[in-house]
Amino acid sequence: MRRPTLADVAAVARVSPKTVSNVLLGRPYAAEATRARVWQAVEAVGYRVNRAGRALAGGGSGRIAIVVPNLHQPYYAENAERLILALEAKGLTTTLRIATDGRSGLRAVRGETTADADGVIVFPNFHPDHLGDEAPERPVIQFGGGPSGLLDTVVMGQHEGFAAVTRHLLDTGRRRLALVWNATESGLPDGPRYEGFLAALAEYGVEADPSLMVAGSDWDRRAPGFEAMSGLLASGAEFDAVVCINDAVAVGALRALRIRGVRVPDDVALTGFDDTDEAEFTVPPLTTVSPEHQAMVDAAVAMLIERLGGESGPPRVRHTGAHLIPRASSGVPR
């Protein structure tokens with residue numbers, strides 16, 4: 001099968017091959033609409049670019065750093081793989097870095113630990129306010145989290161997803177909903193997922209019970225989910241459903257429930273968030289929320305390619321959705 005050529009891209013984009021070359025090299029000789037049309041044509045014909053935009057034009061490495069807080073959390077590992085494959089399809093190579101805390105995440109954004117990369121896609125473990133007031137010189141795309149106003153950011157549907165899974169439990173007749181969360185500095189849940197949880201409870205006239213909100217000593221691991229649920233069970237509190245901040249924590253909570261002889265979903269319904277691969281293979285399979293991973297990856301890569309190609313406008317925010325994936329762990333309507 002013949003590989004697509006520059007001329008094929010030019011024909012689809014209705015421009016000259018020279019214009020296509022200028023766009024791919026990141027030269028400032030084409031209008032924004034023309035650049036967009038050329039990149040759409042590149043996608044349409046399947047043309048492979050060896051180095052994207054500015055990275056090639058400036059003699060850069062063509063390497064993108066993907067920065068994650070850890071790899072034990074399936075959400076990070078699975079989406080890092082998706083990003084690596086998507087960037088490879090654009091002719092870019094990748095390097096995977098682990099930033100275990102907010103400080104190391106910020107160092108990666110600022111280039112202190114990613115100097116060999118032409119751009120960065122970062123899964124933030126820092127507060128947006130900690131970025132300061134100066135945007136990085138290289139393209140940096142924030143994958144998830146709240147916008148800072150300094151970085152292009154892909155925002156997942158955390159509020160809507162958590163509201164959907166909470167409504168789902170309420171629709172099955174559950175009313176004593178426990179919340180298993182990540183450890184926070186304040187000791188209390190916060191953020192858009194928590195706000196979605198509270199909003200759904202309010203819609204049904206159910207009051208949130210702080211005594212049913214627990215967290216382990218760490219975050220995003222199965223062990224803290226086990227720890228938090230074990231403590232809640234030991235307290236003697238009564239609940240008929242457990243809403244977990246993510247699938248990893250839910251897997252830990254599920255083990256604690258089973259050890260104590262609590263049947264899921266007969267006695268207690270259980271849900272997660274993130275739609276990781278393991279959620280489908282727990283016993284019973286875990287009800288979860290898909291943050292629409294591929295849409296997030298596509299948005300992040302598209303913004304990065306545009307920046308490498310010379311896009312110099314203000315930071316952008318791309319919102320993706322979220323949808324419920326009901327499985328056996330939450331049972332059926334009573």
Side-chain angles (χ1 to χ4, degrees), residues 66-87 105 121-128 141-148 151-169 179-182 184 189-200 219-222 225 242-254 270-282 285-304 316-327 329-330:
I66 297 172
V67 182
V68 298
N70 59 64
L71 288 174
H72 60 71
Q73 158 57 292
Y75 168 80
Y76 297 128
E78 292 171 17
N79 279 305
E81 179 177 336
R82 291 184 180 100
L83 285 165
I84 289 168
L85 295 175
L87 291 165
I121 298 178
V122 60
F123 293 66
N125 55 356
F126 47 81
H127 193 280
I141 310 299
Q142 181 178 310
F143 195 96
S148 66
L151 305 179
D152 287 332
T153 303
V154 181
V155 178
M156 71 165 69
Q158 297 192 76
H159 185 285
E160 63 199 79
F162 230 79
V165 77
T166 304
R167 291 190 198 101
H168 167 69
L169 291 170
L179 191 65
V180 180
W181 214 250
N182 278 330
T184 63
D190 56 20
R193 297 190 193 191
Y194 181 55
E195 292 164 5
F197 173 74
L198 294 180
W219 62 285
D220 272 0
R221 293 179 181 267
R222 300 164 186 84
V242 181
V243 190
C244 296
I245 188 171
N246 57 40
D247 292 349
V249 167
V251 170
L254 177 61
L270 178 71
T271 64
F273 192 106
D274 285 340
D275 188 28
T276 56
D277 285 347
E278 71 175 337
E280 191 173 358
F281 295 96
T282 57
L286 183 64
T287 290
T288 186
V289 173
S290 169
E292 302 176 3
H293 306 285
Q294 196 58 52
M296 294 183 69
V297 168
D298 291 346
V301 171
M303 286 195 289
L304 177 69
R316 301 158 295 175
V317 176
R318 297 286 184 268
H319 291 270
T320 60
H323 62 271
L324 177 73
I325 300 180
R327 297 194 180 110
S329 72
S330 58

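Just so it is clear, the model here is predicted, and its values are computed rather than measured.
The CZ atom of Phe123 lies 11.0 Å from the CD atom of Gln142; values are rounded to the nearest 0.5 Å. If you take CG on Leu179 and OH on Tyr194, they are separated by 7.0 Å, rounding to the nearest 0.5 Å. Atoms CG and CG, from Leu87 and Leu304 in turn, are 6.5 Å apart once rounded to the nearest 0.5 Å.
Listed by chain and number, the residues in a side-chain hydrogen bond (donor to acceptor under 3.5 Å, both in side chains) with Arg318 amount to none (sequence neighbours excluded).
Within 6.0 Å of atom CD in Gln294, more than 12 heavy atoms from other residues, nucleotides or ligands are found, so the atom counts as buried in its surroundings.
The heavy-atom pair separating Ala250 from Cys244 by the smallest distance is CA-SG, 3.5 Å. The shortest non-hydrogen separation linking Gly321 to Glu160 is CA-OE2, 3.7 Å. In this structure, Ala80 and Val68 approach most closely via the heavy-atom pair CB-CG1, 4.4 Å. Here the closest non-hydrogen pair linking Gly272 and Val165 is O-CG2, 4.5 Å. Between Gly144 and Pro124, the closest heavy-atom pair is O-CG, 3.4 Å. Smallest separation of non-hydrogen atoms from Met156 and Pro291: SD-CB, 3.8 Å.
Put simply, the side chain of Val297 reaches to within 4.5 Å of the side chain of Asn79, judged on heavy atoms. The side-chain heavy atoms of Leu254 and Leu286, taken from C-beta on, include no pair separated by under 4.5 Å. No side-chain heavy atom of Leu270 sits under 4.5 Å from any side-chain heavy atom of Thr287. Side-chain contact between Glu278 and Pro285 is absent, with no heavy atoms from C-beta onward closer than 4.5 Å. Side-chain atoms of Asp275 and His293, non-hydrogen and from C-beta on, do get closer than 4.5 Å to each other. Side-chain contact between Trp219 and Pro69 is present, with at least one heavy-atom pair separated by less than 4.5 Å. A 4.5 Å side-chain heavy-atom check between Ile141 and Leu151 finds every atom pair outside the cut-off. Between Asn70 and Tyr76 there is a side-chain heavy-atom pair separated by less than 4.5 Å.
Listed for the Thr288 side chain is no donor-acceptor partner under 3.5 Å among the backbone atoms of Ile325. Remark: side-chain polar atoms of Arg316 are paired, donor with acceptor, to backbone N or O of Met303 under 3.5 angstrom. In this structure, the side chain of Ser290 does not engage the main chain of Ala322 through any donor-acceptor pair within 3.5 Å. Under a 3.5 Å cut-off, the side chain of Glu78 and the backbone N or O of Thr276 do not form any donor-acceptor pair. Checking side-chain atoms of Asn182 against main-chain N and O of Asp220 turns up a donor-acceptor pair under 3.5 Å.
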Inset, instruction - Could you give me the CA-CA distance, side-chain angles and deciding distance for Val243 and Val180, then say whether side-chain contact (heavy atoms from CB on, under 4.5 Å) is met? - result: CA-CA 6 Å; Val243 190; Val180 180; over 6 Å; no
Legend entry - Residue pair Val249, Asn246: steps toward the side-chain contact (heavy atoms from CB on, under 4.5 Å) verdict: CA-CA 6 Å; Val249 167; Asn246 57 40; 3.3 Å; yes
Inset, instruction - Would you sort out whether Phe143 and Ile66 count as a side-chain contact (heavy atoms from CB on, under 4.5 Å), showing the intermediate values? - result: CA-CA 10 Å; Phe143 195 96; Ile66 297 172; over 6 Å; no
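Aromatic ring centroids of Phe162 and Phe273 lie under 6.0 Å apart.
Side chains of His323 and Glu292: a donor-acceptor N/O pair is present below 3.5 angstrom, by distance only. With no hydrogens or angles considered, no side-chain donor-acceptor pair links Thr271 and His168 at under 3.5 Å.
Classification of Arg193 and Asp274 as a salt-bridged pair holds, one side-chain N sitting under 4.0 Å from a carboxylate O. Ionic pairing of Arg82 and Asp298 is not present here: no N-O contact between side-chain nitrogen and carboxylate oxygen is shorter than 4.0 angstrom.
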